[in-house]
Number of protein chains: 2
Amino acid sequence: MSSRSSGENAREIPEATVARLPVYLRALTGLTEGGIATCSSEELAAAAGVNSAKLRKDLSYLGSYGTRGVGYDVEYLTYQIAREIGVTQDWPVVIVGIGNLGHALANYSGFRSRGFRVVALLDADPARAGEEVAGIAVRPFDELEQIVADHAVAIGVIATPAAAAQSVADRMVASGISSILNFAPSVLAVPAGVDVRKVDLSIELQILAYHEQRKAAVEAVAATDAAPLAPGGVS
Amino acid sequence: MSSRSSGENAREIPEATVARLPVYLRALTGLTEGGIATCSSEELAAAAGVNSAKLRKDLSYLGSYGTRGVGYDVEYLTYQIAREIGVTQDWPVVIVGIGNLGHALANYSGFRSRGFRVVALLDADPARAGEEVAGIAVRPFDELEQIVADHAVAIGVIATPAAAAQSVADRMVASGISSILNFAPSVLAVPAGVDVRKVDLSIELQILAYHEQRKAAVEAVAATDAAPLAPGGVS
DNA sequence: TAGATTGTTAATCGATTAACAATC
DNA sequence: TAGATTGTTAATCGATTAACAATC
């Protein structure tokens, strides 16, 4: 996109592929734990829950790390994907908002195992400061700038109520954080160059509810159709 | 897809649109709280964080609920979207696995406000039974079938460790649950007709890490290009 | 009527998938 | 060599977007 010569960073990996790479990484970890040293695209795809054509296409954006007629070396492919995602590095992270969800996040083992290191837990309530969660001291939100500078934090997690989320994001951005994972149910406005990803538990449930409702509707129609004459109602 | 005549349920709403409807619903709630009774697609799109063409296209799958030259009635549109998603109904939900995350989910207020009612908290550890979380008693996992039957539960939430997730899912499906929200980091195998959505905190962070790494790489290239002068104040 | 804004069209873009040539 | 499996091509499908006619 930039006018810069496209040597080095030419390999533009599609977003949909980027989102699946961590899934492949997890599937590979599972294979390793099962003592499997080599796998075919078919096997890895099954473990990851995608079809094999998609898997091969995705991997082709990274390079050619398989062997035709043989498959992929699990350890080698694991390393290549981890490197591509960037989880071979250490990523210092701060979590802001130590309510129920903040607690759960601080205790979440899946972070540490992937290079994410929680360097600080921050809460706006001064009464919380001094508490310890998952072996990490809770500190006042005002120390954000200092902590980000000290630990070169690039990623922040927001687990505050919706009302506080935007101002927390503003402070994060001002302090130098450029990637935010937002659990608060609010749309964040951030400058270009800052990435925000949003996890919204209620939205996921609503998507399920929509499909659930549809299943029920289809069953109702089927029952009606099965009736002797069925006044065949179009809406 | 079925051979059934396509009257009633003809309005196939694209998945991408379904995933955004809850976002619009939340934005509309925000407008209502701000005392706004009417909005244009431009305003609602801004509140939801999408562009207005996409919003209008999405809404067009539901019907024509706006007025040309005027915009949308906030209350009316809210109702229509809520009805389409299905959150005007009551959705009984069970949560299995009452660790840190299960606690957070049980306490999450966003569920109740959208028609989701947590009817039971289940944990495999018998020692947990009798505990109370968010005013709901924790019960033994073995009571699952009974509870699903008693409350006509269609949606289950899995917040167990990865190792337990598949067997919990199997039991859920056997007991009649047909939609599962899975927080455990594992790929679930379920029969056709059962919907699974997955929320994986570590995967979200890894996607951020990938982009973060890329930003750093671009800055490094820029700094190199600029080398002779200015060791480069990139933001 | 003149101005505003929706709902829809059509073009574009990106993602998925099946099929298969390349090659171990 | 024969069998297996990758990496890539090309067709298809679905999602996004700009533009604008319809219409309040």
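Each chain gets a letter, A, B and so on, in the order the sequences are listed, and its residues count up from 1.
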Subject >> Ser178(B) and Glu212(A) side chains, donor-acceptor separation under 3.5 Å >> reply: yes
Original post:
Are OP1 or OP2 of dA15(C) and a side-chain N or O of Tyr61(A) less than 4.0 angstrom apart?
Top reply: no
Original post:
Taking all atoms of both residues into account, what is the closest heavy-atom pair of Glu12(B) and Arg214(A), and its distance?
Top reply: OE2-NH1, 3.2 Å
**OP:** Using whole Å, report how far CZ of Arg20(A) lies from P of dA15(C).
**Re:** 9 Å
Original post:
Once each nucleotide of nucleotides 17-24 of chain C is scored for protein heavy atoms under 4.0 Å, what B/S/- sequence comes out, 5' to 3'?
Top reply: BBB--BBB
**OP:** Ignoring the backbone of Ser40(B), work out which of dG7(D), dT5(C), dT16(C) is nearest its side chain.
**Re:** dT5(C)
**OP:** To the nearest Å, give me how far apart OH (Tyr76(B)) and P (dT6(C)) are.
**Re:** 15 Å
Original post:
With both distances kept under 3.5 Å, what pairs with dG3(C), Watson-Crick or G-U wobble?
Top reply: dC24(D)
Subject >> Mate of dG14(D) where both pairing distances stay under 3.5 Å, Watson-Crick or G-U >> reply: dC13(C)
Original post:
Does dT8(D) pair with anything, Watson-Crick or G-U wobble, both distances under 3.5 Å, and if so, with which nucleotide?
Top reply: dA19(C)
Original post:
Tell me, do Ile207(B) and Val18(A) make a side-chain contact under 4.5 Å, heavy atoms counted?
Top reply: yes
Original post:
In terms of side-chain heavy atoms, does Ser41(B) have a donor or acceptor partner in Arg56(B) at a distance below 3.5 Å?
Top reply: yes
Subject >> Polar contact flag, side-chain donor to acceptor under 3.5 angstrom, Thr29(B)-Glu33(B) >> reply: no
**OP:** Would you indicate what Glu15(B) reaches in the nucleic acid, counting non-hydrogen atoms under 4.0 angstrom: base, sugar-phosphate, or nothing?
**Re:** sugar-phosphate
**OP:** Provide, to the nearest angstrom, the distance between the CG atom belonging to Leu55(A) and the C1' atom belonging to dG7(D).
**Re:** 11 Å
Original post:
To the nearest Å, how far apart are Glu43(B) CD and dA4(C) C1'?
Top reply: 12 Å
Original post:
Do any N or O atoms from the side chain of Glu42(B) and from the backbone of Ser52(B) form a donor-acceptor pair under 3.5 angstrom?
Top reply: no
Original post:
Once you round it to whole Å, what is the distance between P of dT6(C) and CD of Glu42(B)?
Top reply: 8 Å
Original post:
Taking atom C1' of dT6(D) as reference, at what distance in whole Å does atom CG of Leu62(A) sit?
Top reply: 14 Å
Original post:
Quick one: is Tyr72(B) getting a side-chain N or O under 4.0 Å of the dA4(C) phosphate, OP1 or OP2?
Top reply: no
**OP:** Please round to the nearest 0.5 Å and tell me the distance separating atom CZ of Arg117(B) and atom CD of Gln89(B).
**Re:** 12.0 Å
Original post:
For Ile13(A) and dA15(C), what is the distance between atoms CD1 and P respectively, to the nearest whole Å?
Top reply: 12 Å
Subject >> Spacing between Asp58(B) atom CG and dA15(D) atom P, to the nearest angstrom >> reply: 10 Å
